[in-house]
Asks: 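Okay, handing you the structure first.
Just so we're on the same page: letters track the sequence lines, and every chain starts at 1.
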Amino acid sequence: MDITTTQYKHSDLVKVNGRIDSATAPQLAKALDDITNAGRYRIILDLEEVEFMSSAGLRVLIGTQKTCKRYNRGEVILASVPKRIYDALELAGFVPLFRFFDNVLDAVGSI
Amino acid sequence: MDITTTQYKHSDLVKVNGRIDSATAPQLAKALDDITNAGRYRIILDLEEVEFMSSAGLRVLIGTQKTCKRYNRGEVILASVPKRIYDALELAGFVPLFRFFDNVLDAVGSI
Amino acid sequence: MSSTYTEVYPARFENLDRVRDFVAELAEKCGLEPAAVYAVQLAVDEAFTNIIEHAYGGESEEKIECMCQIEKDALVITLRDCGKPFDPSAVPEPDFEADLEEREVGGLGLYFIHQLMDDVQFIFVDQPETGKTCNLLRMVKRKEK
Amino acid sequence: MSSTYTEVYPARFENLDRVRDFVAELAEKCGLEPAAVYAVQLAVDEAFTNIIEHAYGGESEEKIECMCQIEKDALVITLRDCGKPFDPSAVPEPDFEADLEEREVGGLGLYFIHQLMDDVQFIFVDQPETGKTCNLLRMVKRKEK
Ligand SMILES: Nc1ncnc2c1ncn2[C@@H]1O[C@H](COP(=O)(O)OP(=O)(O)O)[C@@H](O)[C@H]1O
Ligand SMILES: Nc1ncnc2c1ncn2[C@@H]1O[C@H](COP(=O)(O)OP(=O)(O)O)[C@@H](O)[C@H]1O
């Protein structure tokens with residue numbers, strides 16, 4: 001798994017490549033914690049290049065969403081979510097808890 | 001010439017396709033005026049698909065930049081500017097008057 | 001006639017990649033659709049993770065065996081460990097009604113396994129010679145008609 | 001030996017597309033580099049626009065003639081109109097030092113033409129039979145050595 005982070009004016013873009021499982025999820029959690037610990041709570045996750053995501057990844061997503069939405073200070077937005085990953089989010093009942101965008105540009109523009 | 005406008009939270013993205021000359025520049029001016037007349041002064045011009053631009057186009061750019069920068073309320077940002085168009089901007093001495101971005105995403109993220 | 005393939009891995013998360021690739025290859029060989037192949041990978045990943053976390057209490061050099069049987073109309077996967085047994089019937093379903101703040105961050109693995117596979121069975125086998133229990137998780141994914 | 005090609009257009013902005021295509025084709029035929037072809041298009045666009053706006057005082061059915069000569073080492077383009085003559089030497093250069101608020105929005109066309117072409121000449125010819133003056137703008141773009 002590879003993570004690329006870009007800090008924008010109103011948001012942070014986090015692009016993940018590869019597989020998010022119990023082995024790699026801690027790395028994703030760390031990248032997201034670094035952002036929220038810096039007081040930045042508007043995060044766009046670009047999942048286009050994610051091939052696999054287990055519940056370990058979902059756990060990181062929901063944990064970060066809780067942190068970001070607290071006190072209304074921000075949110076995690078999901079962009080370019082592949083069908084398989086979306087199906088898992090749906091199975092977990094997470095779809096109503098996130099805003100989804102088909103492309104990163106619209107996501108960055110929306111926040 | 002085709003113009004596509006997308007309203008984002010902090011900016012308006014204006015994508016131009018084709019040729020900007022004395023025949024088509026008024027159409028671009030109108031699209032930009034519509035935005036500034038609505039009180040929105042942060043405009044990103046995506047020039048990637050512009051094949052030709054004469055001084056009639058430059059005139060529209062500089063006029064809109066004046067409107068946007070007045071009272072510090074915004075700016076026109078130029079994104080994905082083709083070499084030929086950049087050369088003309090340089091010839092006109094306009095390069096110091098705009099911020100340039102290689103891609104639209106970074107431009108939208110910066111504003 | 002059915003073929004059986006078995007691999008054994010140390011109980012480490014770094015082996016998730018390997019066990020997912022192993023079952024994906026056999027799921028394809030078995031003739032499952034791409035979406036079903038992915039479902040098998042996800043279920044096995046969740047089960048393997050649970051064994052490491054709960055049966056063995058964390059990563060270790062203990063073993064996890066993955067046995068795959070390709071049958072005419074299904075793939076049967078059995079994961080075997082000799083860690084702590086548990087009572088699957090005592091595990092509650094995730095609460096899908098809870099809003100964000102109340103949503104538990106965990107508790108999805110077992111639910112996923114049940115949703116993704118057509119048949120799921122936990123079998124706990126006493127091993128008198130070692131005095132230990134070994135745990136089998138048998139999961140079946142059937143081909144679409 | 002040189003070849004000459006001429007087209008005549010009504011003084012309308014919609015013809016900019018056509019005259020740019022016309023000169024681009026001949027610039028390529030002449031062997032100019034792609035960047036030089038673009039420079040020729042831009043210069044001709046600016047000159048054609050100036051004739052409509054300033055010589056004819058706006059769009060009309062008056063004529064603009066574009067004559068292209070392909071020479072061994074250069075393309076020579078002559079635009080001809082019979083509108084108002086003017087004194088090019090009286091036109092000031094744009095002020096590049098001015099900051100944004102002071103920058104004039106116009107005044108770039110003539111400057112571009114001079115910068116983009118290797119040789120630029122305005123010729124004003126009295127036409128005794130009509131009592132009018134006709135204006136020639138002769139622009140040369142030389143091939144790179
Ligand atoms: N292989 C196992 N061995 C022991 N306990 C297990 C096993 N799998 C699941 N459990 C128990 O079931 C609970 C729910 O598991 P699961 O749905 O995977 O969620 P999580 O692992 O996130 O807690 C676990 O917290 C654990 O107590
Ligand atoms: N073909 C022409 N006929 C008459 N006047 C011209 C012509 N070309 C240029 N001019 C004069 O020179 C000035 C500068 O021209 P130019 O640099 O093209 O800028 P602009 O057209 O934007 O004013 C014009 O405002 C006009 O007064």
Side-chain angles (χ1 to χ4, degrees), chain A residues 1-2 17-30 32-33 36 41 43 47 50-78 81-99, chain C residues 9-21 23-24 27 33-56 58-60 64 91 93-117:
Chain A
M1 189 190 63
D2 278 328
N17 279 57
R19 301 162 156 201
I20 309 176
D21 62 12
S22 304
T24 59
Q27 215 180 307
L28 177 61
K30 162 109 183 33
L32 296 172
D33 287 350
T36 55
Y41 302 103
I43 299 178
L47 300 182
V50 173
E51 296 148 27
F52 178 87
M53 182 158 69
S54 72
S55 69
L58 297 177
R59 198 177 312 185
V60 173
L61 262 51
I62 202 80
T64 308
Q65 184 67 302
K66 283 188 186 187
T67 305
C68 287
K69 285 210 166 168
R70 201 163 294 145
Y71 318 122
N72 244 341
R73 62 192 171 186
E75 64 174 314
V76 175
I77 286 184
L78 304 181
V81 182
K83 171 93 173 64
R84 296 279 153 76
I85 311 298
Y86 188 87
D87 290 346
L89 283 157
E90 207 161 30
L91 202 56
F94 283 6
V95 168
L97 307 178
F98 293 88
R99 282 204 291 157
Chain C
Y9 311 87
R12 303 208 156 272
F13 292 131
E14 69 194 30
N15 294 313
L16 283 167
D17 256 353
R18 250 160 261 156
V19 71
R20 283 197 311 261
D21 286 349
V23 297
E33 300 290 321
V37 173
Y38 187 84
V40 166
Q41 286 188 294
L42 184 47
V44 166
D45 179 291
E46 298 292 347
F48 198 96
T49 293
N50 276 349
I51 293 170
I52 297 176
E53 286 183 344
H54 305 300
Y56 288 131
E59 289 188 297
S60 72
I64 303 176
V91 177
E93 270 216 356
D95 177 4
F96 293 109
E97 297 308 311
D99 62 13
L100 181 66
E101 271 307 321
E102 281 75 43
R103 266 313 284 265
E104 291 294 333
V105 291
L108 287 170
L110 275 185
Y111 176 76
F112 271 22
I113 295 169
H114 282 285
Q115 293 295 313
L116 297 168
M117 303 299 275

Asks: Any side-chain heavy atom of A:S54 sitting closer than 4.5 Å to one from C:L42?
Replies: yes
Asks: Would you indicate whether C:E102, at its atom CD, is surrounded by more than 12 heavy atoms from other residues, nucleotides or ligands within a distance under 6.0 Å?
Replies: yes
Asks: Going through the distances and angles, do C:D45 and A:R19 end up as a salt bridge (Lys or Arg N to Asp or Glu O under 4.0 Å)?
Replies: CA-CA 11 Å; C:D45 179 291; A:R19 301 162 156 201; over 6 Å; no
Asks: Distance from A:S22 atom OG to C:F13 atom CZ, nearest 0.5 Å?
Replies: 5.0 Å
Asks: Might you confirm whether atom CG of C:D99 has over 12 heavy atoms from other residues, nucleotides or ligands at distances under 6.0 Å?
Replies: yes
Asks: Check A:K69, A:R70, A:K66 against C:E101 for a salt bridge (Lys or Arg N to Asp or Glu O under 4.0 Å) and give me the one that passes.
Replies: A:R70
Asks: Heavy atoms, side chains only, cut-off 4.5 Å: are C:L108 and A:L58 in contact?
Replies: yes
Asks: Between A:A92, A:G63, A:A23, which residue shows the highest count of heavy-atom pairs closer than 4.5 Å to chain C?
Replies: A:A92
Asks: What part of C:N15 gets closer than 4.5 Å to chain A, counting heavy atoms only: side chain, backbone, both or neither?
Replies: neither
Asks: Taking all non-hydrogen atoms of both residues into account, name the closest pair between A:F52 and C:Y38 and its distance.
Replies: CA-OH, 3.5 Å
Asks: In Å and rounded to the nearest 0.5 Å, what is the CZ to CG distance from A:F98 to C:L100?
Replies: 7.5 Å
Asks: With chain C as the partner, which of A:M53, A:R59, A:R84, A:K83 has the greatest number of non-hydrogen pairs under 4.5 Å?
Replies: A:R84
Asks: Of the listed residues (C:E14, C:E46, C:R20, C:R103), which shares the most heavy-atom pairs with chain A below a 4.5 Å separation?
Replies: C:R20
Asks: Given the options A:L91, A:T24, A:D87, A:I62, which has more heavy-atom pairs under 4.5 Å with chain C than any of the others?
Replies: A:L91
Asks: Measure C:A35 against the heavy atoms of chain A and call it side chain, backbone, both or neither at under 4.5 Å.
Replies: both
Asks: Under 4.5 Å heavy-atom distance to chain A, tell me which part of C:I52 shows up: side chain, backbone, both or neither.
Replies: neither
Asks: So for C:E59, is it side chain, backbone, both, or neither that comes closer than 4.5 Å to the heavy atoms of chain A?
Replies: neither
